[in-house]
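Shown next, in structure tokens, is the structure this report addresses.
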Amino acid sequence: MIRVLLVDDQPLLRSGFRALLDLEDDIEVVAEAGDGLEGLALAKEHLPDVALIDIRMPVVDGIEATRRIAADPALAGVHVVILTNYGFDEYVFNALRAGAAGFLVKDILPEDLLHAVRVAARGDALLAPSITRKLIDRYVTQPLNAGTDARLKELTNRECEAVVLVAQGLSNDQIADRMVISPLTAKTHINRAMAKLHARDRAQLVVLAYESGLVAPRGS
């Protein structure tokens, strides 16, 4: 059973999401909150698998709530998915930097919401390649030489190559084709890079690739 926490200051949206999620045999909404501070308390109480958190809320917003969840070892199993009305913007990028596993636009199709919850609960990447490409198009472009940040020194050349391809929005199968390796080996390179860089998930790996200098900001 996938345990979900809903955190949003719009009661109507919460009730709509809850009605949809509770129809599924493998998903249970364990709690709801109207602001980030209440959401943090409920996350500690219920330890959900997935927390769907609105990015803009009173008291404590979604970015700060995500940052606190990501920093708490007791909440390491909570995968935060940011909810936004606005599509990808600076707020979403900051939420990914803070530790969110990905984000969803609130007018998402029901079947896409259900899929996203299941993907996040598995700990897999919630950023589809198309969304990752939008992230990179906005903030990241050309690869740089590895080694511009101390965090990268632990990576092998192949792991660095895999991280760059993740940051370019490629799927595991596409990365395997590009590197001429099996999809399982590609996944292994990515997982090892995530472990060495202490990235919670693929979204964090993309952010770290940008922040570490492995990929360069637009215009550089």
Side-chain angles (χ1 to χ4, degrees), residues 1-11 13-14 17-18 21 26-84 88-104 106 113 116-127 131-132 135 149-152 154-155 163 166 190-212:
M1 183 67 71
I2 299 170
R3 296 161 53 80
V4 176
L5 168 65
L6 297 174
V7 186
D8 195 292
D9 61 345
Q10 300 179 47
L13 184 140
R14 292 202 313 271
F17 274 26
R18 179 166 201 149
L21 295 170
D26 62 334
I27 299 175
E28 175 189 11
V29 177
V30 295
E32 298 180 30
D35 62 70
L37 189 61
E38 183 185 7
L40 284 164
L42 291 173
K44 294 177 181 179
E45 178 182 350
H46 294 279
L47 298 178
D49 302 298
V50 178
L52 298 176
I53 299 181
D54 185 21
I55 201 164
R56 302 182 187 182
M57 294 181 295
V59 188
V60 171
D61 66 17
I63 296 173
E64 180 60 24
T66 299
R67 185 176 293 112
R68 294 186 193 181
I69 288 174
D72 189 339
L75 300 178
V78 179
H79 303 286
V80 175
V81 177
I82 288 293
L83 300 172
T84 176
F88 187 82
D89 59 15
E90 181 69 24
Y91 288 95
V92 171
F93 182 72
N94 288 338
L96 295 174
R97 182 187 288 126
F103 75 97
L104 299 174
K106 290 184 179 181
L113 172 64
V117 167
R118 293 183 175 111
V119 167
R122 292 198 304 265
D124 291 341
L126 187 55
L127 293 181
I131 299 299
T132 305
L135 168 68
D149 187 285
R151 290 174 290 185
L152 301 178
E154 297 297 321
L155 301 184
V163 172
V166 169
I190 294 166
N191 287 343
R192 287 177 177 169
M194 287 171 57
K196 291 178 180 179
L197 295 174
H198 305 290
R200 286 168 61 99
D201 48 47
R202 200 182 186 101
Q204 278 265 285
L205 192 62
V206 172
V207 172
L208 285 168
Y210 163 65
E211 292 184 332
S212 67

Minimum-distance pair of heavy atoms, taken over all atoms of [X] and [Y]:
{"X": "Gly99", "Y": "Thr66", "value": "C-CG2, 3.7 Å"}
{"X": "Val163", "Y": "Ala193", "value": "CG2-CB, 3.5 Å"}
{"X": "Ala121", "Y": "Ile2", "value": "CB-CG2, 3.7 Å"}
{"X": "Ala65", "Y": "Leu40", "value": "O-CD2, 3.6 Å"}
{"X": "Ala70", "Y": "Ala98", "value": "CB-O, 3.4 Å"}
{"X": "Gly62", "Y": "Ile53", "value": "CA-CG2, 3.7 Å"}

Within a strict 4.5 Å, meaning less than it, do heavy atoms of the [X] and [Y] side chains meet?
{"X": "Val60", "Y": "Asp35", "answer": "no"}
{"X": "Leu113", "Y": "Leu52", "answer": "yes"}
{"X": "Val78", "Y": "Pro48", "answer": "yes"}
{"X": "Leu5", "Y": "His46", "answer": "no"}
{"X": "Arg68", "Y": "Leu37", "answer": "yes"}
{"X": "Lys106", "Y": "Asp54", "answer": "yes"}

How many angstroms lie between [atom1] in [X] and [atom2] in [Y], if you round to the nearest 0.5 Å?
{"X": "Ile27", "Y": "Met1", "atom1": "CD1", "atom2": "CE", "answer": "9.0 Å"}
{"X": "Glu64", "Y": "Met57", "atom1": "CD", "atom2": "CE", "answer": "10.5 Å"}
{"X": "Thr84", "Y": "Arg56", "atom1": "OG1", "atom2": "CZ", "answer": "6.0 Å"}
{"X": "Arg67", "Y": "Asp72", "atom1": "CZ", "atom2": "CG", "answer": "14.5 Å"}

Item to complete: Would you please test Leu155 and Leu197 for side chain to side chain contact (heavy atoms under 4.5 Å, CB included) and show each step?
Response: CA-CA 8 Å; Leu155 301 184; Leu197 295 174; 4.1 Å; yes
Discussion item. Leu21 vs Leu6, test: side chain to side chain contact (heavy atoms under 4.5 Å, CB included). Steps then yes/no.
Written reply: CA-CA 10 Å; Leu21 295 170; Leu6 297 174; 4.2 Å; yes
Practice prompt. Look at the side chain of Arg3 and the backbone N and O of Val30, then say whether any donor-acceptor pair between them is shorter than 3.5 Å.
Written response: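 No; zero donor-acceptor contacts below 3.5 Å.
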Worksheet entry | Arg14 side chain to Glu32 backbone, donor-acceptor under 3.5 Å |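 Not a single qualifying donor-acceptor pair exists.
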Worksheet item: For Arg118, does the CZ atom have more than 12 heavy-atom neighbours from other residues, nucleotides or ligands under 6.0 Å away?
Response: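 Result for CZ/Arg118: enclosed.
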Fill in: Passing candidate, side chain to side chain contact (heavy atoms under 4.5 Å, CB included) with Leu83, options Ile55, Leu104, Val7
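Among Ile55, Leu104, Val7, the one that satisfies the side chain to side chain contact (heavy atoms under 4.5 Å, CB included) with Leu83 is Leu104.
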